[in-house]
Amino acid sequence: MPQITFTYAGQTKTVQADAGKTLLQAAIDNQVPMEHACGGNGFCTTCLCKVKEGAQNLTPRNDREEMMGVEGDDRLGCQATANGDVAVEMEG
Ligand code: FES
């Protein structure tokens, strides 16, 4: 089961993510405060996070992320699914 480490507001929390769950779903399931103003539909970027480790363990950037101009180490938490261990940092 993939482990996802979230860094946010000066703290770090590592959670187990069920297979096929997005970073956002894993965050919500574990009381990690990842914003999701559009309800996880890829239209708002409030779930934007920076991948620190394990980028290769995430599903490839999808069309929604491309449309929203997500680049570099950034991913939309509602669109990226982990297949292995990942560490992400939430902005703001
Ligand atoms: Fe809106 Fe991810 S929750 S883009």
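Nothing here was measured: the structure is a model prediction, and the numbers come from that model. Start at 1 and go down the list; that is how both ligands and their atoms are numbered.
Nearest to atom 2 (Fe) of ligand 1 by heavy-atom distance, out of Gly39, Gly40, Cys47, Ala37, is Cys47.
Put simply, no part of Gly77 is less than 4.0 Å from ligand 1, judged by heavy atoms.
For ligand 1 and Cys44, the ligand atoms under 4.0 Å from any heavy atom of the residue are 1 (Fe), 3 (S), 4 (S). Of all atoms in ligand 1, numbered sequentially from 1 with element shown, those under 4.0 Å from a heavy atom of Gly42 are 4 (S). Set against the non-hydrogen atoms of Cys38, the atoms of ligand 1 under 4.0 Å away are 1 (Fe), 3 (S), 4 (S).
Put simply, the side chain of Arg75 never gets that close to the backbone of Val88: no donor and acceptor are under 3.5 Å apart. Not a single donor-acceptor pair under 3.5 Å links the side chain of Asp18 to the backbone N or O of Lys21. Distance alone, capped at 3.5 Å, places no donor-acceptor pair between the Asn41 side chain and the Phe43 backbone.
Contact annotation: Cys78 places no N, O or S atom under 2.8 Å from atom 1 (Fe) of ligand 1. Between atom 1 (Fe) of ligand 1 and His36 there is no N/O/S contact shorter than 2.8 Å.
A salt bridge is absent between Lys50 and Glu89: the closest approach of a Lys/Arg side-chain nitrogen to an acidic carboxylate oxygen does not fall below 4.0 angstrom.
Among Thr14, Thr12, Asp85, the one residue that satisfies the side chain to side chain donor-acceptor pair (under 3.5 Å) test with Thr5 is Thr14.
Neither the backbone nor the side chain of Leu48 comes within contact range of ligand 1; no heavy atom lies under 4.0 Å.
At most 12 non-hydrogen atoms from other residues, nucleotides or ligands lie less than 6.0 angstrom from CD of Glu71.
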